[in-house]
Amino acid sequence: MVDGQRGDTGLLIQAALRALMAGVDTPSLPLLAGLLRSEKGEAKELFGQVADELGFGFHPPEGYWEGRLALARWWAAEIVGGWLDPDEGDLLIVNEVAAAYGESEELAPMVDLVLARWDHTGPQTSPEEINAHLIRAAHELLARIPPPSAPL
C-alpha cells in the first residue's frame with residue numbers, strides 16, 4: 001500500500017485529503033483528494049503523480065520482494081538522514097515489509113529491536129535512546145540491503 005499500488009485506493013484518497021488539510025500543495029493532490037467512489041480506479045495513477053511532484057523519487061523494482069527490500073532500504077535511508085521519524089520508519093519497515101515476507105536476515109536488526117520493544121523485553125530506555133537504537137538499526141539495515149542494481 002505504501003507505494004500506492006496495492007491495497008485500498010480509498011486510503012490513498014483519504015491520505016490526499018489529510019495532506020491538503022496539512023498544507024501540502026502539488027498540482028495533482030487536489031485531483032486525488034477530490035475523487036469520487038466511482039473514480040477510485042484513477043487513485044493509483046494520481047498517487048504516483050503526487051509522489052513524483054513531491055520529489056519522493058521512489059519507484060520500486062518489479063519483483064515483489066526486491067521492491068519491498070528496496071522500500072525498506074529507502075525508509076532506512078530516510079531515518080538515517082533525519083527525514084523520517086525513527087519510530088514511524090521502524091513501524092513502516094516492520095509492518096509493510098517484514099510482516100509481508102516473514103523472517104529475513106536483511107531486516108533482522110530492525111525487526112528484533114521492534115519486537116523487543118513491543119514485548120517489553122528490551123532495556124527500559126528514554127525516547128532519545130530508543131531513537132538512537134533505531135537509527136543504528138537503520139544503518140545496519142542499509143549495510144545489509146544492497147542498493148537496487150537498476151536505476152529507480
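The model shown is predicted, which means the values in this text are computed figures rather than measured ones.
Considering only residues two or more places apart in sequence or on other chains, Ile135 meets the side-chain contact (heavy atoms from CB on, under 4.5 Å) condition with Ile79, Pro86, His139. Under the rule for a side chain to side chain donor-acceptor pair (under 3.5 Å), Glu42 has no partner lying at least two apart in sequence or in another chain. Evaluation of the salt bridge (charged side-chain N to carboxylate O under 4.0 Å, His left out) rule for Asp87 yields Arg117 as partners, not counting sequence neighbours. In this view, Arg136 and His133 satisfy the side chain to side chain donor-acceptor pair (under 3.5 Å) rule, not counting sequence neighbours. Residues forming a side chain to side chain donor-acceptor pair (under 3.5 Å) with Glu128 (at least two apart in sequence, or on another chain): Ser126.
The distance from atom CZ of Arg73 to atom CG of Leu142, rounded to the nearest 0.5 Å, is 5.0 Å. In this structure, CG in Asp52 is found 10.5 Å from OG1 in Thr26, a value given to the nearest 0.5 Å. One distance of note links OG of Ser104 with CG of Leu141; it measures 8.5 Å at 0.5 Å rounding. For the atom pair CG of Leu35 and CG of Leu17, the computed distance is 9.5 Å after rounding to the nearest 0.5 Å.
Proximity of a side-chain donor or acceptor of Arg144 to a complementary backbone N or O of Glu105 within less than 3.5 Å is detected. Side chain of Glu53 to main chain of Ser28: a donor-acceptor pair is present (N/O by atom type, distance under 3.5 Å, no hydrogens or angles). No donor-acceptor pair under 3.5 Å is formed between the side chain of Arg68 and the backbone N or O of Val97.
In this structure the side chain of Leu91 never reaches within 4.5 angstrom of the side chain of Glu88, judged on heavy atoms.
The minimum heavy-atom distance between Ile13 and Ala33, with the atom names listed, is CG2-O, 3.7 Å. Shortest non-hydrogen contact noted between Ala72 and Ile93 is O-CD1, 3.8 Å. Contact between Trp75 and Leu92 at its shortest, heavy atoms only, is CZ3-O, 3.6 Å. Shown here for Leu107 and Ile145, the closest heavy-atom pair between the two residues is CD2-CD1, 4.0 Å.
Among residue pairs with one or both ends in residues 13-39, none qualify as salt bridge (Lys or Arg N to Asp or Glu O under 4.0 Å); sequence neighbours excluded.
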